[in-house]
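Note that the structure is a prediction, hence the values are computed from the model and not measured.
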Amino acid sequence: MDKELKTNSSVIDEHFKFVFQSFDSSCLNDAMQYALLGGKKLRGYLVNQSSKLFDIDLSKSIWAACSIEAMHAYSLVHDDLPAMDDDDLRRGKPTVHKKWDEATAILAGDALQTFSFQLLSDPSFRIRDEYRQKLIHQLSLASGAGGMVLGQALDILAETSDTALNLDDIIRMQRMKTGALIEWSACSGAVMNGENPSALLEYSKSVGLAFQIIDDILDVEGDPLKVGKRLNKDNNAGKATFVSLLGMDTAKKHSSFLIDKAHEALVPYGVKAKNLRQLASFVISRNK
């Protein structure tokens with residue numbers, strides 16, 4: 001799976017280079033491109049693989065794959081700011097506000113967010129207008145005040161709340177903060193082809209939650225050199241996590257249970273979903 005993800009990441013990076021050729025040179029664009037470098041680009045991989053289920057060519061799906069990676073990169077740039085999680089390291093290198101400054105990081109994040117919708121609305125992304133409109137609308141819901149941004153807000157509020165989050169609270173928060181973009185990614189292929197995405201939605205719900213549980217596990221017992229960011233943040237901040245509420249062993253067992261559910265959801269797609277099944281298994285075996 002590492003090889004497939006690296007190949008996919010390279011394809012996405014090449015498309016970003018192609019699009020950025022039309023941009024004027026500036027420190028803002030340098031910061032945007034810096035934020036897009038590296039990482040597993042798992043969300044973009046989900047877009048391209050879900051598109052393959054419906055025989056959608058890479059020349060089409062790459063626009064949506066880059067769009068979700070731009071949205072994700074924006075969220076990381078802002079998440080790393082001192083007013084949020086205050087991180088110095090991301091993907092094994094200095095965060096944007098450390099390499100430049102806070103103002104540049106804020107503006108780069110803003111630009112990446114709008115860049116995401118620019119990619120989806122580009123005339124070179126040739127899909128039916130009704131499907132494009134649905135992709136754009138669903139991404140705005142997944143990334144905004146009812147999705148990822150709300151999840152981040154709830155996470156910040158939890159740090160100062162007198163009432164600790166329970167398991168249901170954490171599942172709800174993480175479904176928005178992490179899961180919403182993963183769900184959009186996995187369902188995008190069906191949306192681009194006008195198909196019912198219900199099976200892919202069930203798959204992505206399980207994968208997204210398992211992904212966050214593994215993040216919580218790695219925050220406790222991961223290798224910082226492999227993870228590429230500061231560890232033990234949640235524990236040091238006294239935040240409730242899947243590990244703190246379930247215990248390490250139960251958290252690992254539940255993540256495995258979720259991946260089994262993800263595999264079951266893909267049964268309707270048969271052998272065509274082989275890579276999506278492998279990705280689900282990779283989620284709980286990753287060490288970064």
- Task: Evaluate the side chain to side chain contact (heavy atoms under 4.5 Å, CB included) criterion for residues Tyr45 and Glu69: first the C-alpha distance (whole Å), next the side-chain angles of each, then the deciding distance (0.1 Å), finally the verdict.
- Result: CA-CA 10 Å; Tyr45 184 80; Glu69 287 299 333; over 6 Å; no
- Message: If hydrophobic clusters are built by linking Ile, Leu, Val, Met, Phe, Trp and Tyr wherever their side-chain heavy atoms come under 4.5 Å apart, do Leu218 and Leu245 end up in the same one?
- Response: yes
- Between CG of Leu209 and OG of Ser204, what distance do you get to the nearest 0.5 Å? 11.5 Å
- Do you see a donor-acceptor pair shorter than 3.5 Å between the side chains of Asp216 and Gln212? yes
- Query: How close do Asn8 and Gly44 get, heavy atom to heavy atom, and via which atoms?
  - Reply: ND2-C, 3.9 Å
- Is the backbone of Asn166 close enough, under 3.5 Å, to the side chain of Asp169 for a donor and an acceptor to pair up by distance? yes
- Task: Look at the side chain of Asp85 and the backbone N and O of Asp87, then say whether any donor-acceptor pair between them is shorter than 3.5 Å.
- Result: no
- Query: Would Glu4 and Asn275 count as having a side-chain donor-acceptor pair, cut-off 3.5 Å?
  - Reply: no
- Query: Any side-chain heavy-atom pair from Gln174 and Ile213 closer than 4.5 angstrom?
  - Reply: no
- Determine, for Lys252 against Glu221, whether the closest basic-nitrogen to carboxylate-oxygen distance falls under 4.0 angstrom. yes
- Shortest non-hydrogen contact from Val77 toward Gly109: CG1-N, 4.3 Å
- Are Arg277 and Tyr269 close enough that some pair of their side-chain heavy atoms sits under 4.5 Å apart? no
- Query: Do any N or O atoms from the side chain of Asn29 and from the backbone of Phe20 form a donor-acceptor pair under 3.5 angstrom?
  - Reply: no
- Atom OH of Tyr203 and atom CD1 of Ile182: how far apart are they, to the nearest 0.5 Å? 9.5 Å
- Report the C-alpha separation of Met192 and Phe54 in whole Å, then their side-chain angles, then the decisive distance to 0.1 Å, and conclude whether the side chain to side chain contact (heavy atoms under 4.5 Å, CB included) test is met. CA-CA 9 Å; Met192 277 186 261; Phe54 305 99; over 6 Å; no
- Message: Treating Thr104 as the side-chain partner and Trp100 as the backbone partner, does any N or O pair qualify as donor plus acceptor under 3.5 Å?
- Response: no
- For Ser121 and Phe117, indicate whether the former's side chain and the latter's backbone hold a donor-acceptor pair under 3.5 Å. yes
- Measure across Pro94 and Lys98 and return the closest heavy-atom pair with its distance rounded to 0.1 Å. CB-CB, 4.3 Å
- Query: Is the side chain of Thr250 donor-acceptor paired with the backbone N or O of Gly247 at a distance under 3.5 Å, no angle test?
  - Reply: no
- Note on the structure: Closest heavy-atom pair, Val47 versus Ala64, reported as atoms and distance to 0.1 Å, is CG1-CB, 3.7 Å
- Please, which pairs that meet salt bridge (Lys or Arg N to Asp or Glu O under 4.0 Å) have at least one residue in residues 49-67, sequence neighbours excluded? Asp55-Lys272
- Measure across Ser22 and Val19 and return the closest heavy-atom pair with its distance rounded to 0.1 Å. OG-O, 2.9 Å
- How far does CD of Gln133 sit from CD of Gln138, to the nearest 0.5 angstrom? 9.0 Å
- Query: Nearest 0.5 Å, what's the CD1-CG distance between Ile217 and Leu246?
  - Reply: 9.5 Å
- Item | Residue pair Ser256 / Ile284, side-chain heavy-atom distance below 4.5 Å | yes
- Query: Is Arg175 salt-bridged to Glu183, going by a charged N under 4.0 Å from an acidic O?
  - Reply: yes
- Do Leu200 and Leu141 belong to the same hydrophobic cluster, where Ile, Leu, Val, Met, Phe, Trp and Tyr are linked whenever their side-chain heavy atoms lie under 4.5 Å apart, directly or via other members? no
- Query: What about Ile106 and Met32, same hydrophobic cluster or not, with Ile/Leu/Val/Met/Phe/Trp/Tyr joined at side-chain heavy-atom distances under 4.5 Å?
  - Reply: no
- For the residue pair Phe211 and Leu42, establish whether any side-chain heavy-atom pair is separated by less than 4.5 Å. yes
- Message: Taking Ser143's backbone N and O only, do any of them form a donor-acceptor pair with Trp184's side chain (distance below 3.5 Å, no angle check)?
- Response: no
- Distance flag, aromatic centroids of Phe23 and Phe115, threshold under 6.0 Å: yes
- Task: Kindly state whether the ring of Tyr131 and the ring of Phe125 have centres lying under 6.0 angstrom apart.
- Result: no
- Task: Report yes if the side chains of Leu279 and Gln49 come closer than 4.5 Å at any heavy-atom pair, otherwise no.
- Result: no
- Query: Do the side chains of Gln152 and Ile156 get nearer than 4.5 Å, heavy atoms only?
  - Reply: yes
- Would you please test Ser281 and His263 for side chain to side chain contact (heavy atoms under 4.5 Å, CB included) and show each step? CA-CA 9 Å; Ser281 298; His263 287 170; 3.2 Å; yes
- Test the Arg90-Tyr34 pair against the cation-pi criterion, namely NZ or CZ under 6.0 angstrom from the six-membered ring centroid and within 45° of the ring axis. no
- Item | From CG (Leu120) to CD (Gln118), nearest 0.5 Å | 10.5 Å
- Would you sort out whether Ile62 and Phe18 count as a side chain to side chain contact (heavy atoms under 4.5 Å, CB included), showing the intermediate values? CA-CA 12 Å; Ile62 192 65; Phe18 164 73; over 6 Å; no
- Item | Connected via hydrophobic side-chain network under 4.5 Å: Met173 and Leu76 | no
- With Glu264 via salt bridge (Lys or Arg N to Asp or Glu O under 4.0 Å) - residues at least two apart: none
- Without swapping roles, check the side chain of Arg43 against the backbone of Ala186 for a donor-acceptor pair under 3.5 Å. no
- Joint cluster assignment, Leu58 & Leu276, ILVMFWY side-chain distance < 4.5 Å: yes
- Using a 4.5 Å cut-off on heavy atoms from C-beta on, say whether the side chain of Leu81 contacts that of His78. yes
- Item | Side-chain donor/acceptor of Asp80 to backbone N/O of Thr95, under 3.5 Å | no
- Task: Compare every heavy atom of Ile214 with every heavy atom of Ser255, then report the nearest pair and how far apart it is.
- Result: OG-CD1, 3.8 Å
- Message: I'd like to know if Asp13 pairs up with Lys41 as an ion pair, taking the criterion as any Lys NZ or Arg NE/NH1/NH2 lying under 4.0 Å from an Asp or Glu carboxylate oxygen.
- Response: yes
- Short question: side chain of Asn196, backbone of Ser198 - any donor-acceptor pair under 3.5 Å? yes
- With side chains defined as the heavy atoms from C-beta onward, is the minimum distance between Leu150 and Leu154 less than 4.5 Å? yes
- Query: Just how far is it from atom CE of Met176 to atom CG of Leu181, taken to the nearest 0.5 Å?
  - Reply: 12.5 Å
